[in-house]
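See structure below.
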Amino acid sequence: MIRGIKGIKDITPDEMPKWSVVERTAHALAHAFGFQEIRIPVFEKTDLYVHSIGGTTDIVEKEMYTFPDKAGTSLTLRPEGTAGVVRAFIERGLKTYQSSRKLYYIGPMFRHERPQAGRLRQFHQFGVEFVGSAEPSADVEVMTLLWRFFSSLQLPGLSLELNSLGVLTDRQAYKTELVAFLKTKVHLLCENCRRRLDANALRALDCKVPHCREATKDAPYLTDFLSPSSKDHFDRVLQGLQALAIPYSINPRLVRGLDYYSMTTFEVSCSALGAQNAIGAGGRYDGLFETLGGVPTPAVGFAIGLDRVILALPESTVPAPDPWVFVASFGEKGRPAGLSLLDSLRLDQVKADTDYNASTLKTLLHSADRLEAPYVVILGDDEVTNNQVILRNMATKEQEIHPLNTASSAILAHLRFRQTRRNID
RNA sequence: GUGGGUGUAGCUCAGUUGGUUAGAGCGCCGGAUUGUGGUUCCGGAGGUCGCGGGUUCAAUUCCCGUCACUCACCCCA
C-alpha cells in the first residue's frame, strides 16, 4: 500500500462542513472589507522566498521544499503567501490602477517541519495584503478583519498581542543597545540565543527557554527606541483599535520570524489549541516591495492558519445540513417513476438522492436512515397505479399523500418551509 | 534536527507474570419482519497482535533494530 506523505493530511468529506463555514466566512468578510481575491502559484523561484523571508530565518534555512526543475532552476513550494502576492503585484502592475489595493488569498502552504498537533507540512492559510497605504488606519483595518473573522466563527480563548518594531533606523539603534546588554548576560543565555547575538539579536527576546527569559527580563524595550513618527504611528494604531473596541495587549517581546516586517506586528493566539497556538499573525512590511525590485510601497497584512482554526472551531458554528429527500422507489413501475421524480427534484434545486443498490422498501428505508435523510418519498407500484406518492417524515413517522404529477413542487414547498423555520429558530 | 508515548478486528480499546482455538463495545452482513428505517432478540463474517531479527522447548507478550502514528522541544500560521 502506498501511503500519503508524512504531515500531509486529507480533508475528508466528514470534515468538509467545517472547512466550508470557515472558507465562506473568509470570502464574505474579505469582500465586506473591500478586499479582492487573488490566486497565485503554489511554487515560485527559490530566490523569491530567500530574498523576502530572509536567508537566516528557520523557514529558509531548513523548512522549504526546494527542488530543481528540468532546466536546473531552483524552485520552492510556497512556505507563505505574502512574497508571491507582492511578486505578482509588481510583475502585473496592479498598483497602477489605484492608489491602494486590497487583496486576499486562500490556499495551501508548505513547510518541511516535524508534524505535531496543529502543525502540518501542507497547511492552509487565509491571508490579506493591504497595499499602498502607510496610514495607521490600514493597520487597524487589517487587524479588525482578523479579529472579526475569529469572533464570527466563535473561536474560544483568543488574545491579540501587538508590538511595534519601528523603522529600520529605530531597530538599528535599538539593536546596538540590545546586543550590548545581552553581552553582559551571555553566560546565562542558551546556545541558540548566543548564535542569535550576531545573526538576529531581536529573536533572543522571543526565546522561550526560562533562563533566557530571566536573563532578558531587564533588557531595554524596543518601544523606547521608536522615533517620534514611529511612536505616533503606533499610538494611532492603538487608538484605532480602542475606538472599535478590539481588545489587545502590547507585548514588547513580540518579534516575528520573517525578516520583512517593520513597524506594527501582531499575533492572535488561541488557548484552546495546545503548543502550536498561534492562529493568525501579521504586520507591516513597508520595505518588501523595494527588496523585490518594485517601487517603495507601504503595505500591511496577516495570515491565518486555517487548519488551526478548524481545530479550535466549536461544533455550534457548523450549520445543520440543508434538508433533503431520499427517493425510495421500487417495483416494475415504481422504479422508473422514482428516477424521473429524482430528476425533477434536482432540476428544482432540491437535494435528492436514492440508493441504487437497494430494491425493497425495507432496504431503501434502511439506506435512507443511514444517510440521515429527514424525508423519504415512497413510490411503489401501488402508488404509481393510484397516481400518488407518500412523503414520510423520518423523525416523526408522519406520512402525507401527494399527487404524483405535482410531487416535486409539493416536496419543494415542504422543505423550504422547514428551512425557513430553522433559520428563524 | 532532538526527546517522550503508542502500534492487537473497519473504529475505540482490553488481554496474555511467555503456554493449546486472542477478547469486548461500536460498526458491518443475515434472520425474526415477503410494502415501512433508526429500538429489541438471535445468528454470522472479520485478526501476518506494525515489520525484521534475537533469546526460548514455546514470543502477540521479553530484548534489539526498523517503520508508522502521536505529543513535546525547536519554529511557526
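Note that these values count all heavy atoms, side chains included, but never hydrogens, waters or copies made by symmetry. The chains referred to below are lettered A, B, ... by the order of the sequence lines, with proteins before strands, and numbering in each begins at 1.
Residue Phe266(A) contributes atom CZ, which lies 12 Å from atom C1' of A77(B) at whole-angstrom precision. Rounded to a whole Å, the CG atom of Asp307(A) is 18 Å from the P atom of C76(B). Atoms NZ (Lys6(A)) and P (A68(B)) sit 5 Å apart, rounded to a whole Å. Atom P of nucleotide C76(B) and atom NZ of Lys62(A) are separated by 9 Å, given to the nearest angstrom. At whole-Å resolution of the value, CG in Asn357(A) and P in G30(B) are 12 Å apart. When the C1' atom of A72(B) is taken as reference, atom CD of Gln276(A) falls 9 Å away, rounded to whole Å. Atom OH in Tyr105(A) sits about 10 Å away from atom P in A77(B), given to the nearest Å. A straight line from CD1 of Ile378(A) to P of G37(B) spans 10 Å, rounded to a whole angstrom.
Within the 6.0 Å centre-distance limit, the rings of Phe289(A) and Phe89(A) are counted as a close aromatic pair.
Nucleotides U6(B) and C63(B), compared at atom P, are 12 Å apart to the nearest Å. Comparing the P positions of C49(B) and U8(B) gives an interatomic distance of 11 Å, to the nearest angstrom. Between A45(B) and G5(B), the two C1' atoms lie 34 Å apart (nearest whole Å). The same atom, P, is picked in A59(B) and in A22(B); the two are 15 Å apart, to the nearest Å. On the P atoms, C62(B) is 23 Å away from A24(B), given to the nearest whole Å. Using C1' as the reference atom, C13(B) and G27(B) are 14 Å apart when rounded to the nearest Å. For the C1' atoms, the distance linking U60(B) with A9(B) amounts to 14 Å, nearest Å. Rounded to whole Å, the separation between the C1' atoms of A77(B) and U16(B) comes to 46 Å.
Between Met109(A) and Pro79(A) the shortest side-chain heavy-atom distance does not fall below 4.5 Å. Side-chain contact between Ile378(A) and Val389(A): absent, with no pair of heavy atoms (C-beta onward) separated by less than 4.5 Å. Counting only heavy atoms from C-beta outward, the side chains of Phe330(A) and Thr360(A) never approach each other to under 4.5 Å.
When the nearest nucleotides of RNA chain B are assigned to Gln125(A) and Gly274(A) by heavy-atom distance, the more 5′-ward of the two goes with Gly274(A). Heavy-atom distances to RNA chain B give each of Leu379(A) and Ile59(A) a nearest nucleotide, and the one nearer the 5′ end belongs to Leu379(A).
In this structure, C73(B) forms a base pair with G1(B), meeting either the Watson-Crick or the G-U wobble geometry with both donor-acceptor distances under 3.5 Å. U66(B) is paired with G50(B) under the criterion used here, namely a Watson-Crick or G-U wobble arrangement in which both key atom distances are under 3.5 Å. Of the nucleotides present, U12(B) is the one that pairs with A24(B) by Watson-Crick or G-U wobble criteria, both distances under 3.5 Å. If you check G30(B) for Watson-Crick or wobble pairing at under 3.5 angstrom, you find it paired to C42(B). Across all strands shown, U56(B) forms no Watson-Crick or G-U wobble pair with both key distances under 3.5 Å.
One N or O on the side chain of Lys102(A) and one on the backbone of Phe33(A) form a donor-acceptor pair closer than 3.5 Å. With hydrogens and angles ignored, the 3.5 Å screen pairs a side-chain donor or acceptor of Glu15(A) with a backbone N or O of Thr12(A).
Checking A77(B), U36(B), C69(B) against the side-chain heavy atoms of Arg111(A) singles out A77(B) as nearest. Of the candidates A72(B), G35(B), A77(B), the closest approach to any side-chain atom of Leu361(A) belongs to G35(B). The listed nucleotides are A77(B), A72(B), G35(B); the one nearest the side chain of Ala117(A) is A72(B). Ranking G37(B), C76(B), G35(B) by closeness to the Met394(A) side chain, first place goes to G37(B). Nearest to the side chain of His366(A), among U36(B), C73(B), G37(B), sits G37(B). Relative to the side chain of Gln116(A), the nucleotides A72(B), C69(B), G37(B) differ in distance, and A72(B) lies closest. Relative to the side chain of Ala278(A), the nucleotides G37(B), C74(B), A77(B) differ in distance, and A77(B) lies closest. In the set G37(B), A77(B), C76(B), the nucleotide with an atom closest to the side chain of Ala303(A) is A77(B).
The base of C76(B) sits within donor-acceptor range of the side chain of Arg308(A), with an N or O pair under 3.5 Å. For Glu113(A) against G1(B), a side-chain-to-base donor-acceptor contact under 3.5 Å is absent.
Here Lys333(A) lies out of heavy-atom contact (under 4.0 Å) with every strand. As judged by a 4.0 angstrom heavy-atom cut-off over every strand, Glu61(A) is placed among residues making no nucleic acid contact. Residue Ile53(A) is classed as having no contact, given no heavy-atom separation below 4.0 Å to the nucleic acid. Using a 4.0 Å heavy-atom criterion, one finds that Gln399(A) contacts the bases of the nucleic acid, with or without backbone contacts as well. Nucleic acid contact class of Phe330(A) (heavy atoms, under 4.0 Å, all strands): base. Within the nucleic acid shown, Leu258(A) comes within 4.0 Å of sugar-phosphate atoms alone, with no base atom in reach, counting heavy atoms only. Counting any heavy atom pair closer than 4.0 Å across all strands shown, Gly127(A) reaches no nucleic acid atom. When heavy atoms are screened at a 4.0 angstrom cut-off, Ile304(A) is found touching no nucleic acid atom at all.
The shortest non-hydrogen separation linking Pro314(A) to Gln154(A) is CG-O, 3.1 Å.
A sub-4.0 Å separation between OP1 or OP2 of U33(B) and a side-chain N or O of Lys362(A) is absent. Here Arg370(A) reaches the OP1 or OP2 of C29(B): one of its side-chain N or O atoms lies under 4.0 Å away.
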Listed pairs, N/O of protein and of nucleotides 2-6 of chain B, under 3.5 Å:
| from | atom 1 | to | atom 2 | distance (Å) |
| --- | --- | --- | --- | --- |
| U2(B) | O4 | Arg114(A) | NH1 | 2.5 |

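Looking at Tyr49(A) and Glu80(A), their side chains never bring a donor and an acceptor atom within 3.5 Å of each other.
Within 6.0 Å of CZ in Phe43(A) there are 12 or fewer heavy atoms belonging to other residues, nucleotides or ligands.
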Report task. Would you check, one step at a time, whether the test salt bridge (charged side-chain N to carboxylate O under 4.0 Å, His left out) holds for Glu37(A) with Arg39(A)? Result -> CA-CA 7 Å; Glu37(A) 185 170 13; Arg39(A) 299 199 180 179; 3.3 Å; yes
Query - Residues Arg111(A), Asp58(A); criterion salt bridge (charged side-chain N to carboxylate O under 4.0 Å, His left out); working and verdict - result: CA-CA 10 Å; Arg111(A) 289 183 202 169; Asp58(A) 279 27; over 6 Å; no
